[in-house]
A.B. asks: 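Here it is, the structure, as structure tokens.
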Amino acid sequence: DTAVSQTPKYLVTQMGNDKSIKCEQNLGHDTMYWYKQDSKKFLKIMFSYNNKELIINETVPNRFSPKSPDKAHLNLHINSLELGDSAVYFCASSRKRTPRGVGTEAFFGQGTRLTVV
Amino acid sequence: DAKTTQPPSMDCAEGRAANLPCNHSTISGNEYVYWYRQIHSQGPQYIIHGLKNNETNEMASLIITEDRKSSTLILPHATLRDTAVYYCGRGSGNTGKLIFGQGTTLQVKP
């Protein structure tokens, strides 16, 4: 009974193609995220959605477009794939922070390893 | 994140305490200190977090210095299964955004 699930787990595609990665969480969380992990294992946030509203966009190229049809899903569409997009992409979710800023843990999916050839 | 620094690797003997340091000298007042770990390229797994007080849970203890510029994650009795990359990070209390350091590869040896 996976809490945060991503599909596909592996994705190999040619340069210039358009691809999507899907993410679903069954934890009832309000906030979802996309992180990118490069070949040096550096984890960096890309986007965050809260109740289907974009709240974080970390200067990611316009070729990356997140879409949240409902608060349990956050998909990532990538246009015109480039070699540098090869990485592992992680989806995550967490409970909404309160105005008091109560910290809560984020749950991560298993990742999607994208290889652009 | 260049402002969050961790040693690239550490070794620990099985059964001994593993103490993993992290410097986060530019952490802001509403940012929490978070620790996650990643085993075999799985998704990062939450360990513990804190604001300014020391914290303990079933997995680990977190010691945060009084000025909040550094912290130490303590695994009290490391096992072989604790071999992983440990990420220290700053987490916004408002947006939930996590900014990670480069991670420390902890190798627990028999």
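Quantities reported herein were computed from a predicted structural model and do not represent experimental measurements.
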A.B. asks: In terms of side-chain geometry, is the basic nitrogen of B:E66 or B:K52 positioned less than 4.0 Å from the acidic oxygen of its partner?
C.D. replies: no
A.B. asks: Sort out for me which of A:I55, A:I56, A:V88 touches chain B most, counting heavy-atom pairs under 4.5 Å.
C.D. replies: A:I56
A.B. asks: Is the B:Y36-A:F108 ring centre distance short of 6.0 angstrom?
C.D. replies: yes
A.B. asks: Under a 3.5 Å cutoff, is there a donor and acceptor pairing between the side chains of B:S9 and B:T105?
C.D. replies: no
A.B. asks: Counting only heavy atoms closer than 4.5 Å, note whether B:Q38 contacts chain A via side chain, backbone, both or neither.
C.D. replies: side chain
A.B. asks: For A:F107, is it the side chain, the backbone, both, or neither that has a heavy atom closer than 4.5 Å to a heavy atom of chain B?
C.D. replies: neither
A.B. asks: How about CD on A:E58, more than 12 heavy atoms from neighbouring residues, nucleotides or ligands closer than 6.0 Å, or not?
C.D. replies: yes
A.B. asks: Among A:K44, A:K40, A:Q6, A:Q37, single out the residue with the greatest number of heavy-atom pairs under 4.5 Å to chain B.
C.D. replies: A:Q37
